[in-house]
Amino acid sequence: MTFGNPPAAFTTPIYVTRPNLPPLESYVESLKDIWTSGVLTNGGSMHEALEDQLRIHLNVPHLSLVSSGTTALLLALRALNLTGEVITTPFTFAATINALLWCGLKPVFADIDAETMTLSPTAVERAITPLTTAILGVHVFGISCDVAALQSIAARRGLRVVYDAAHAFETRIGNRSVASFGDASALSFHATKVFHTAEGGAVVTNDPELRNRVVRLRNFGIENDQSVTLPGLNGKMSELHAALGLGTLGLARDRRRKHTRIGTVYRRRLTGLEGVSCVTPQNDDGDTSFFVLRVDPTRAPLTRDELQRGLEGFNVFARSYFRLLCSEYPYVGNLPSGRVDNLAAARKVAAEVVCLPLYEELGEDGADRICDMIHYLAKRRRTQRR
Ligand SMILES: *Cc1c(COP(=O)(O)O)cnc(C)c1O
């Protein structure tokens, strides 16, 4: 039985993402300015410029830079003075759940929508108890939560809404940045994210009072020389990180165009492969660092894990993000909300998702070659089954 010759493997490993960097010379120029000023952190001119530019780029009223996305979550949760239980998704990165635990809050898991992979509003409503104070949604892979439904639940039941927008830097709903919804949103500017400062993040809010608390909390809770008014931490972004951000922000448009082209190749070549679907973000003007495939094990010629392992044979390291749900972490404990029957959709999604490489230098050729490999693997598996 023949299924053709295998495509040639890549000679160097291909990972899902690669940080984009401004030309080194332009960063060195910024470093010279920093050296001249002697200001390395504590809200220097690079920091102020990046805050301004990001606020304009996203068109949001208040944006406070911090040292990471995790810090952004911690500060948003603390600034809101939350207590008790917070309803959240199990299909997310560890930072979401860890931030709740660090703030002494009890995570209560609600199932996700099997299509959008974000919190199911009906499941959220069912999870509310007298101890619930907030909903923590995640715009996973840049796909926005059902913000209207969550907002209406929150308004009716007197809850706060916080979003982990680490994946959703450029996601919009209509003309509005997704980060402008809810009481506060946390952005991550980690090197693996679509816009980055190597390490960094930001808290976005529409509420000036909340913004002031975040600004105090990121600087030890210091109000002025005379008074320290909140138990803050050191969550500041340095001038070196801010300068890098000013450089990478300028590359946003070009990067988005290249990501779109790569995504178009994947979509064109993989549409029609039985049981395999490309998860399209809800809006076309958004950009994320993810190209998400779902492999339905009941229909596809091969399972997600077989696809992932097969690609490794070609030096392509796709990632099945969140294959381990947060509800399964040992330190989270045996919460009733973490039981498998409560999280059926999340379990299904966690077994189907795989992210393909998506970064500028991969190019359309690279994506085309990866599609050849996927088609080859599918064909080989079909042949073996016969
Ligand atoms: C990356 C990420 C974070 C954490 O951001 P850091 O900047 O790495 O601290 C939080 N939540 C999600 C969903 C993420 O992907």
Side-chain angles (χ1 to χ4, degrees), residues 15-19 50 54 63-78 86 88-103 105 107 109 112 116-119 134-145 161-171 178-179 181-182 184-204 214 217-218 233-238 240-242 244-245 248-249 279 281 286-292 319-327 329 332 346 349-350 353-355 358-359:
Y15 300 107
V16 278
T17 185
R18 208 152 109 178
L50 184 60
L54 285 170
L63 181 146
S64 312
L65 289 174
V66 295
S67 53
S68 73
T70 307
T71 311
L73 282 168
L74 290 174
L75 297 187
L77 296 168
R78 275 313 282 244
V86 175
T88 194
T89 167
F91 188 64
T92 181
F93 184 56
T96 317
I97 231 66
N98 293 354
L100 288 175
L101 296 173
W102 270 66
C103 289
L105 296 162
F109 296 106
I112 57 177
T116 66
M117 307 186 282
T118 59
L119 270 179
I135 302 165
L136 174 54
V138 180
H139 306 301
V140 73
F141 303 133
I143 299 165
S144 52
C145 292
V161 184
V162 178
Y163 288 111
D164 179 337
H167 295 179
F169 178 66
E170 289 196 323
T171 300
V178 79
F181 290 85
S185 292
L187 295 170
S188 166
F189 305 148
H190 183 256
T192 52
K193 306 301 200 286
V194 68
F195 161 73
H196 77 92
T197 58
E199 292 278 7
V203 179
V204 175
V214 168
L217 281 169
R218 76 177 170 193
L233 43 76
N234 180 359
K236 302 186 298 304
M237 178 182 283
S238 83
L240 288 86
H241 293 86
L244 184 58
T248 52
L249 189 59
V279 180
D287 185 21
T288 73
S289 11
F290 302 100
F291 190 90
V292 184
R319 293 285 298 272
S320 28
Y321 283 116
F322 320 134
R323 65 158 62 231
L324 186 69
L325 298 176
C326 292
S327 48
Y329 297 171
V332 167
V349 168
V353 160
V354 59
C355 294
L358 182 65
Y359 55 88

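The structure presented is a predicted model; accordingly, all values stated were derived computationally and were not measured. Counting starts at 1 for both ligands and their atoms, following the listed order.
Checked against the 6.0 Å centroid criterion, the rings of F189 and F195 qualify as a close aromatic pair.
Residues passing the side-chain hydrogen bond (donor to acceptor under 3.5 Å, both in side chains) test with R78: none are found, sequence neighbours excluded. Residues forming a side chain to side chain contact (heavy atoms under 4.5 Å, CB included) with A166 (at least two apart in sequence, or on another chain): D164, S188, K193. Shown here are the side chain to side chain contact (heavy atoms under 4.5 Å, CB included) partners of Y329, two or more places apart in sequence or in another chain: A94, I97, L324, C326, Y331, V332.
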Q: Determine, step by step, whether S68 and T71 satisfy the side chain to side chain donor-acceptor pair (under 3.5 Å) criterion, reporting the C-alpha distance in whole Å, the side-chain angles of both residues, the deciding distance to 0.1 Å, and the verdict.
A: CA-CA 5 Å; S68 73; T71 311; 2.8 Å; yes

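The side-chain contact (heavy atoms from CB on, under 4.5 Å) with C145 is formed by just one residue from the set T118, T89, I112; it is T118.
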Write out each pair where an N or O from ligand 1 and one from the protein are under 3.5 Å apart, with the distance.
unit_1, atom_1, unit_2, atom_2, d
ligand 1, 5 (O), S188, OG, 3.1
ligand 1, 7 (O), G69, N, 2.7
ligand 1, 7 (O), S188, OG, 2.7
ligand 1, 9 (O), G69, N, 3.3
ligand 1, 9 (O), T70, N, 2.9
ligand 1, 9 (O), T70, OG1, 2.6
ligand 1, 11 (N), D164, OD1, 3.3
ligand 1, 11 (N), D164, OD2, 2.7
ligand 1, 15 (O), H167, NE2, 2.7
ligand 1, 15 (O), K193, NZ, 3.3

